[in-house]
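Single-structure report; data block below.
Source: prediction; values computed, not measured. This chain uses plain numbering: 1 for the first residue, then up along the sequence.
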Amino acid sequence: SDVGSQKERVVTEEEWLQKWEMGNIGFHKEQGHPLLQKYLDVLLNGRSGLRIFFPLCGKAVEMKWLADMGHSVVGVEVSEQALKDFFSEHNLPYCEEPVPEISGGKMFQSTSGNISMYCCSIYDLSSSIVGKFDGVWDRGALVAVNPCDRQRYASLMINLMEKNSSYLLVTVSYDPNKHKG
């Protein structure tokens, strides 16, 4: 059945990298997401100077928007091209350095220091490497994660969250018998 095939689907890291290389990134939005704007007060909860995590960040424009508000933003993305595109599209100078705890991992950080992005698998991260966060903006990571990895993903997100953190999640609910993918 379609339900079974959807539940068992697996998108490989190579397939994600190919999407970025081919420019097949219809999931990327050039404008800030209206739901983040609408529920920003829920994410911030009256607080300023937060550490906000962007799982599977791509080149999300919201990272700069929140950094410009005085927050510290940390993202993770498997595509180095996406991260470099983010900095070049926003004319932000950055430095690149290896992450010793992650084989092949790199961190790209704005020279201002308020935007850091890790180029690696999200599952290579831990709170000992990136610390904990006051907020999470998940605009499509849970949806993109392979269904067989969702429990692992959820456990990692819980591990990365401070006690009083806020988690905003954009997801979809649909009948997989009517819509594939």
If we only count heavy atoms from C-beta on, is the [X] to [Y] side-chain gap below 4.5 Å?
| X | Y | answer |
| --- | --- | --- |
| I115 | Q109 | no |
| I52 | V74 | no |
| L40 | L168 | no |
| V73 | M117 | no |

[X] and [Y]: which non-hydrogen atoms are nearest, and at how many Å?
| X | Y | result |
| --- | --- | --- |
| C120 | G105 | CB-CA, 4.4 Å |
| M107 | V99 | N-CG2, 3.7 Å |
| G58 | L83 | O-CD2, 3.7 Å |
| S79 | C119 | C-SG, 4.1 Å |
| K59 | M63 | C-CE, 4.1 Å |

Using the rule that two of Ile, Leu, Val, Met, Phe, Trp, Tyr join whenever any of their side-chain heavy atoms come within less than 4.5 Å, decide whether [X] and [Y] are in one cluster.
| X | Y | result |
| --- | --- | --- |
| V42 | M69 | yes |
| F86 | L66 | yes |
| L142 | F54 | no |

Using side chain to side chain contact (heavy atoms under 4.5 Å, CB included) as the criterion, list what pairs up with [X], not counting sequence neighbours.
| X | value |
| --- | --- |
| S112 | S110, N114 |
| S127 | K132, N159, L160 |
| Y167 | V136, D138, Y153, M157, M161, L169 |

If you round to the nearest 0.5 Å, how far is [atom2] of [Y] from [atom1] of [X]?
| X | Y | atom1 | atom2 | value |
| --- | --- | --- | --- | --- |
| I102 | D124 | CD1 | CG | 5.0 Å |
| L43 | D134 | CG | CG | 9.0 Å |
| L36 | R139 | CG | CZ | 11.0 Å |
| W137 | W65 | CH2 | CH2 | 9.0 Å |

Q) In chain order, what residues pass the salt bridge (charged side-chain N to carboxylate O under 4.0 Å, His left out) check against E101, with sequence neighbours excluded? A)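 Listed in chain order: nothing, the list is empty.
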
Q) Partners of D149 by salt bridge (charged side-chain N to carboxylate O under 4.0 Å, His left out), sequence neighbours excluded? A)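 Per chain and number, D149 pairs via salt bridge (charged side-chain N to carboxylate O under 4.0 Å, His left out) with no residue.
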
(Q) Show every salt bridge (Lys or Arg N to Asp or Glu O under 4.0 Å) that has at least one partner inside residues 156-173, sequence neighbours left out. (A)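 Residue pairs passing salt bridge (Lys or Arg N to Asp or Glu O under 4.0 Å), neighbours aside: none found.
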
Q. Is there any side-chain hydrogen bond (donor to acceptor under 3.5 Å, both in side chains) pair reaching into residues 39-57, and which pairs are they, with sequence neighbours excluded?
A.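 Qualifying pairs, neighbours excluded: none.
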
Q. If you measure from the Lys or Arg side-chain nitrogens to the Asp or Glu carboxylate oxygens, is any gap between K106 and E97 under 4.0 Å?
A.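 No.
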
Q. For E89 and V61, what are the C-alpha separation, side-chain angles and deciding distance, and is it a side chain to side chain contact (heavy atoms under 4.5 Å, CB included)?
A. CA-CA 9 Å; E89 289 171 13; V61 298; over 6 Å; no

Q) side chain to side chain donor-acceptor pair (under 3.5 Å) with S88: which residues, sequence neighbours excluded? A)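 Partners of S88 by the side chain to side chain donor-acceptor pair (under 3.5 Å) criterion come out as none, since no residue qualifies.
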
Q.
Once side chain to side chain donor-acceptor pair (under 3.5 Å) is applied, do any residues pair with D68, and if so which ones, sequence neighbours excluded?
A.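 K64.
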
Q | Pairs satisfying ring pair (Phe, Tyr, Trp, His ring centres under 6.0 Å), at least one member in residues 106-131, at least two apart | A |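 Pairs touching residues 106-131 that pass the test: Y94-F108.
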
Q. Counting distance only, does the side-chain N/O of H71 pair as donor-acceptor with the main-chain N or O of L50 below 3.5 Å?
A.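 Yes, because the side chain of H71 sits within donor-acceptor range (under 3.5 Å) of the backbone of L50.
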
